[in-house]
Number of protein chains: 2
Amino acid sequence: MEYKEAKQKFIDAWGILGSSWGINKTMAQIHALLLISPEALTTEEIMDELNISRGNASMNVRALIDWGIVYKELKAGERKDYFTSEKDIWELAKHVLIERRKRELEPLFRVLGQIDDVVGENKAQVKELTSKVKEIETFASKTDKLLNRISSADSNWFFNKLIKMIK
Amino acid sequence: MEYKEAKQKFIDAWGILGSSWGINKTMAQIHALLLISPEALTTEEIMDELNISRGNASMNVRALIDWGIVYKELKAGERKDYFTSEKDIWELAKHVLIERRKRELEPLFRVLGQIDDVVGENKAQVKELTSKVKEIETFASKTDKLLNRISSADSNWFFNKLIKMIK
DNA sequence: TTAAATTTTCAAATATTTCTGAAAATAAAA
DNA sequence: TTTTATTTTCAGAAATATTTGAAAATTTAA
């Protein structure tokens with residue numbers, strides 16, 4: 001298969017996968033492009049490769065930087081910004097998990113924590129709601145611990161154990 | 001806190017969480033509603049509780065059934081359909097993971113498998129693309145094994161081991 | 001059968017998200 | 001400083017996704 005075709009397939013696949021996980025298509029595609037680029041790219045190059053506007057490129061590159069999976073690279077004597085992606089897939093997955101925990105698990109805990117001392121006529125309803133809140137809190141807290149392990153210093157130890165378990 | 005307020009908070013939180021995972025808000029809200037309902041509900045009750053149209057309710061309930069986390073319940077001598085949710089949070093998480101594997105991991109494998117024997121001028125580019133495809137295939141395959149374990153008969157054993165690891 | 005109840009479907013309307021492009025802001029060079 | 005290069009922002013445009021509501025299909029009862 002020709003490089004150009006393969007590249008397009010890869011970028012599109014990443015875009016579709018991203019979409020179904022609530023990540024906008026362009027953001028995922030920029031990431032795919034940087035992931036397979038041996039060299040760091042400028043905003044212009046990203047715009048050209050993906051046929052997107054400057055504003056779109058700028059905003060999504062910034063979003064990727066906020067997610068911690070794309071870095072700005074400085075080139076001596078160069079005025080333009082260069083961007084490059086985290087290349088290690090495990091490291092990448094780790095970053096995404098950590099970021100999602102921060103963005104979603106924390107707000108979830110906050111809301112569930114607010115649902116307290118529920119009172120109402122229908123005891124069965126109150127009981128069902130209360131117990132689900134508790135169960136989800138327990139579940140989320142375990143997920144949180146798991147993510148902490150994944151992001152911690154001994155994450156390699158953890159991954160190795162995990163991989164042994166699925167052998 | 002009054003039951004009504006607590007219920008609303010719970011349903012909204014679930015809707016927001018769903019949205020950020022690529023699940024439409026109404027679908028997540030119907031699920032939340034069924035999750036905390038001691039009794040199975042009819043389409044009409046869902047429509048009233050969430051202020052949504054019949055068509056919307058019908059389509060999203062079906063989507064939840066397709067995901068395997070909501071069941072149709074038959075009531076003797078009743079003409080209407082009743083719906084109820086999987087109540088066990090771990091079982092729920094398991095179903096969602098399995099379903100997402102089927103919907104996303106399988107198509108990903110298919111596309112990556114197509115990217116084969118890449119040829120092109122720029123050797124560095126070809127190498128980077130090829131190696132990323134390989135690495136993602138490895139990663140996805142390990143994730144797949146993990147999900148298989150989670151969905152398998154010994155999933156309890158697996159969960160217990162996992163929980164011990166994060167203690 | 002036919003009639004009534006219920007569910008599903010889907011074209012059109014609405015709402016939401018994403019994208020563009022040019023002006024404003026920022027940063028480096030002259 | 002002023003000029004030039006580059007990046008960011010954001011209002012409006014375009015593209016997508018969701019929702020409605022009523023007609024069609026289905027299912028059960030009479």
Side-chain angles (χ1 to χ4, degrees), chain A residues 11-12 14-34 39-67 70-84 100 103-104, chain B residues 11-12 14-34 39-67 70-84 100 103-104:
Chain A
I11 289 172
D12 290 347
W14 216 232
I16 291 167
L17 192 66
S19 298
S20 62
W21 285 86
I23 286 149
N24 105 36
K25 199 187 67 185
T26 305
M27 186 172 154
Q29 289 185 329
I30 293 175
H31 178 250
L33 177 64
L34 294 177
E39 307 288 340
L41 302 182
T42 63
T43 304
E44 306 248 315
E45 287 169 318
I46 294 169
M47 287 164 60
D48 289 352
E49 290 276 356
L50 302 177
N51 279 298
I52 58 173
S53 70
R54 184 172 299 284
N56 197 5
S58 170
M59 280 164 55
N60 281 297
V61 165
R62 139 149 5 202
L64 286 163
I65 291 173
D66 289 346
W67 273 66
V70 159
Y71 318 117
K72 202 177 265 192
E73 215 168 70
L74 305 166
K75 291 215 177 184
E78 281 269 19
R79 201 137 158 194
K80 285 183 186 167
D81 287 344
Y82 283 77
F83 303 100
T84 188
R100 294 204 90 139
R103 291 171 193 227
E104 291 150 24
Chain B
I11 290 172
D12 291 347
W14 217 234
I16 291 166
L17 192 67
S19 297
S20 62
W21 285 86
I23 287 151
N24 105 33
K25 200 187 65 184
T26 303
M27 185 171 155
Q29 288 185 330
I30 294 176
H31 178 250
L33 177 63
L34 294 176
E39 309 288 339
L41 301 182
T42 64
T43 305
E44 306 247 314
E45 288 170 318
I46 294 169
M47 287 163 59
D48 289 351
E49 289 278 354
L50 302 178
N51 280 299
I52 58 173
S53 70
R54 185 173 297 285
N56 196 5
S58 171
M59 279 164 44
N60 282 297
V61 165
R62 141 146 8 200
L64 286 163
I65 291 173
D66 288 348
W67 273 67
V70 159
Y71 318 118
K72 202 179 265 191
E73 216 168 70
L74 305 166
K75 290 215 175 183
E78 281 268 21
R79 200 136 161 195
K80 286 183 184 166
D81 287 344
Y82 283 77
F83 303 101
T84 190
R100 294 204 90 140
R103 291 170 193 228
E104 291 149 25

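In the text below, chain A, chain B and the rest are named by the order of the sequence lines, each starting its count at 1. All values below come from the heavy atoms of this structure, side chains included, with hydrogens, waters and symmetry mates left out.
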Euclidean distance, atom [atom1] of residue [X] to atom [atom2] of [N] [Å, nearest integer]:
| X | N | atom1 | atom2 | value |
| --- | --- | --- | --- | --- |
| Lys80(A) | dT7(D) | NZ | C1' | 12 Å |
| Leu74(B) | dT7(C) | CG | C1' | 14 Å |
| Ile30(A) | dT7(D) | CD1 | P | 13 Å |
| Asp66(B) | dT8(C) | CG | C1' | 13 Å |

### Message
Within this structure, what is the CD-CG distance for the pair Glu73(B) and Leu41(B), rounded to the nearest 0.5 Å?
### Response
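Interatomic distance, Glu73(B) CD to Leu41(B) CG, rounded to 0.5 Å: 10.0 Å.
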
Among residues at least two apart in sequence or on other chains, which ones pass side chain to side chain contact (heavy atoms under 4.5 Å, CB included) with [X]?
| X | result |
| --- | --- |
| Arg62(A) | Asp66(A) |
| Asn56(A) | Thr26(A), Ile52(A), Ser53(A), Asn60(A) |
| Asp12(A) | Gln8(A), Gln29(A) |
| Ile16(A) | none |

Partners of Lys72(B) by salt bridge (charged side-chain N to carboxylate O under 4.0 Å, His left out), sequence neighbours excluded?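 Checked Lys72(B) against salt bridge (charged side-chain N to carboxylate O under 4.0 Å, His left out); matches are Asp81(B).
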
Going by salt bridge (charged side-chain N to carboxylate O under 4.0 Å, His left out), name the residues that satisfy it together with Glu45(A), two or more places apart in sequence or in a different chain.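 In terms of salt bridge (charged side-chain N to carboxylate O under 4.0 Å, His left out), with neighbours along the sequence ignored, Glu45(A) is linked to no residue.
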
**Item:** Pairs meeting criterion salt bridge (Lys or Arg N to Asp or Glu O under 4.0 Å) with involvement of residues 50-61 of chain B, two or more places apart
**Value:**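 Those involving residues 50-61 of chain B are Glu44(B)-Arg54(B).
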
Query - Interface residues of residues 39-47 of chain A with DNA chain C (non-hydrogen, below 4.0 angstrom) - result: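 Heavy-atom cutoff 4.0 Å gives no residues at all.
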
Which residues pass the side chain to side chain donor-acceptor pair (under 3.5 Å) test with Arg100(B), not counting sequence neighbours?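 Arg100(B) satisfies side chain to side chain donor-acceptor pair (under 3.5 Å) with Glu104(B) only.
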
**Report entry** Contacts of type side chain to side chain donor-acceptor pair (under 3.5 Å), residue Lys75(A), not counting sequence neighbours
**Finding:**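 Expected list: none.
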
Q. OP1 or OP2 of dT7(D) less than 4.0 angstrom from a side-chain nitrogen or oxygen of Ser58(A), does that happen here?
A.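 No.
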
With sugar-phosphate taken as primed atoms, P, OP1 and OP2 and all else as base, the protein-contact string of nucleotides 25-30 of chain D at under 4.0 Å (heavy atoms; B, S, -) is --BBS-

Under a 4.0 Å heavy-atom criterion, the protein footprint on nucleotides 10-25 of chain C, written with B, S and -, is B-------SSBB----

Notebook entry, point to check: How are the rings of Trp21(A) and Trp21(B) set relative to one another: parallel (under 30°), tilted (30 to 60°) or perpendicular (over 60°)?
Noted result: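 The arrangement is perpendicular - the two ring planes meet at more than 60°.
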
